[in-house]
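Only one structure is covered here, and it is reproduced in the block below.
Quick caveat, the model's predicted, so the values are computed rather than measured. All heavy atoms count here, side chains included; hydrogens, waters and symmetry mates do not. Residue numbers begin at 1 in each chain, while the letters A, B, ... track the order of the sequences.
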Amino acid sequence: MRSRRPSKQTMAVVLALAENPPTWRHGYELCQRLNLKAGSLYPILMRLAERGMLEAAWEEDAPVGRPPRHLYRLTGSGLAMAAELSAASTQTASPVRLLPRGEAP
Amino acid sequence: MKSASNRHEQALTAVVVAVFAAFSVVVFALEDPPELPSQYLSSAVALAVVATPWVIAARRMWRAWWSPTSDVTTRDVPSPLLASAAKALPSNRRDWGTAMEAELAHLQSVAGRWQFALGCVRTALFPSLNNRAPAVVLVVAVAVVGVGLAVGLALPAIAVFSVTFVVLIGIAMMLAMARSQRLREGLPSPGVIVVGLVGVAGCIALTAYFLLEHPSSIGAFDPIVAVVLAVVLAGSLWLTVSPPKGLTSSRVAQRCGVGAALVLGGSFAVTSRLALETQLDLDAGVAAYLMFAPIVILFFGSAIAAMREGSFRAGVQAAVWTALLGTLLVFVIYFPEVLGWHRLEGRLLLDGETGYPVGVNLRDAIVWILVWLPIWGLPFGVIGASAGAVRGKSPTDPQVASA
């Protein structure tokens with residue numbers, strides 16, 4: 001099957017998750033960090049998970065009175081994809097990076 | 001707490017009135033403006049008559065489902081909003097809905113909660129098609145062009161309707177494909193599917209036949225009316241084959257809905273036939289029937305469903321099915337009846353006025369049956385559901401708590 005180049009936002013999510021691979025991250029944290037809306041982030045996370053690039057788990061030490069959150073990190077194939085994207089982005093003039101919230105362009 | 005609830009209900013009332021006022025402004029803009037100032041007054045009275053049942057129905061739904069004193073929710077709107085939208089996700093993605101809801105529960109700021117919830121609602125209701133999107137868009141585009149050309153050549157008068165209908169069905173198909181397993185989940189009962197499909201097919205076939213056989217109807221079938229017909233029929237088809245889960249949880253409600261719809265259609269046919277055979281009240285047409293019968297039939301149909309299930313929600317479901325299916329049936333029956341009335345001095349079926357070309361009935365049927373009838377009847381169904389749920393409440397019935 002032909003593999004399509006991921007969108008800029010997907011690349012940003014993958015690279016953000018690859019910065020510290022063992023660390024689990026939750027959805028809102030990624031929204032804040034990448035300045036992405038939930039309506040953009042969750043479809044990306046769903047697709048990555050369905051392609052086996054993202055691992056998901058429920059939070060084990062959720063604060064009292066709050067439901068456990070879904071946590072995400074890259075799988076082995078997700079990390080391989082991140083390495084490819086990282087290599088490709090360093091060869092381009094404008095490396096992939098979405099602006100963190102509040103940072104001026 | 002009570003004064004806050006009252007404020008919410010007053011705000012809800014204002015929203016309902018504003019919607020009807022906006023609708024009236026649009027109608028005035030599209031139609032010829034009234035010639036006499038008194039006509040504005042009568043329009044305002046008519047607006048109040050139609051809006052009042054909706055205000056009552058909206059307040060009943062608010063108290064049952066959304067008010068701070070209801071059993072099923074809190075004053076926080078983003079949470080129930082997201083919870084409702086998450087139910088639209090297919091079963092293989094249901095975990096993601098739970099994940100979004102859990103994430104929302106950790107957010108504190110009101111603006112942040114709204115922004116996050118709305119983004120998630122968009123994801124749940126309009127999931128992406130992934131790599132199937134180009135193929136589906138191509139198929140829909142080819143279908144639109146093909147149908148447009150074919151119908152445009154065979155029956156130009158119905159081309160606007162056909163293209164709009166195919167576009168809307170195409171969009172609905174794309175949503176269904178994005179949800180992949182959605183169609184197999186929560187199908188309504190066979191009775192609903194049969195009546196709904198026969199109704200939609202009958203409405204399309206009879207409209208086309210009427211336009212072919214009675215050229216005077218072509219002038220009454222302007223693009224706005226054609227688009228209205230397409231929107232209503234595409235929406236009806238979509239609700240019939242892929243209704244939201246909130247409409248399919250009660251089989252009793254579906255049975256009551258089908259039954260009440262058949263009563264509505266059957267009584268409409270009998271009313272018209274009796275008037276023709278007895279020649280009494282021909283001057284009034286079926287306007288009185290359309291004014292009073294939906295009130296009674298929707299009220300009692302929904303009340304029975306709510307009473308049997310002990311659930312307000314079941315009654316509201318029955319009201320929606322009755323309005324949807326009953327409207328289609330009355331529209332289908334309208335056309336054969338029109339011909340009988342027209343033979344008597346060119347009478348219109350709607351109001352019995354004489355001397356009109358038969359084609360005027362097509363516009364009457366679309367505006368007064370497909371649009372007016374459900375708008376008028378539905379709130380009485382909701383009010384009936386509320387009354388039925390109170391009568392059918394049983395302390396031991398677990399559904400009462402979730403009504």
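Contact of B:Leu107 with chain A is made through the side chain alone, with heavy-atom distances under 4.5 Å. With a threshold of 4.5 angstrom between heavy atoms, A:Leu71 does not approach chain B through any atom at all. Looking at A:Ala49, the atoms closer than 4.5 Å to chain B (heavy atoms on both sides) all sit in the side chain, from C-beta outward.
Per-residue counts of heavy-atom pairs under 4.5 Å with chain A were compared for B:Gly112, B:Ala117, B:Gly119; the largest is that of B:Gly119. By number of non-hydrogen pairs under 4.5 angstrom with chain A, the leading residue of B:Val121, B:Leu104, B:Thr98 is B:Thr98.
Using a 4.5 Å heavy-atom threshold, the side chains of A:Lys37 and B:Gln115 count as touching. Counting heavy atoms from C-beta outward, A:Arg73 and A:Arg25 have side chains that stay 4.5 Å or more apart.
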> Step by step, would you call B:Trp96 with A:Tyr72 a ring-ring contact (aromatic ring centres under 6.0 Å, His included)?
Replying inline: CA-CA 12 Å; B:Trp96 289 96; A:Tyr72 314 99; 5.6 Å; yes

> Does the pair B:Val192 and B:Leu324 meet the rule for a side-chain contact (heavy atoms from CB on, under 4.5 Å), with working shown?
Replying inline: CA-CA 10 Å; B:Val192 168; B:Leu324 173 73; 5.8 Å; no

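Using modelled atom types, no side-chain atom of A:Glu59 and backbone atom of A:Pro68 make a donor-acceptor pair closer than 3.5 Å.
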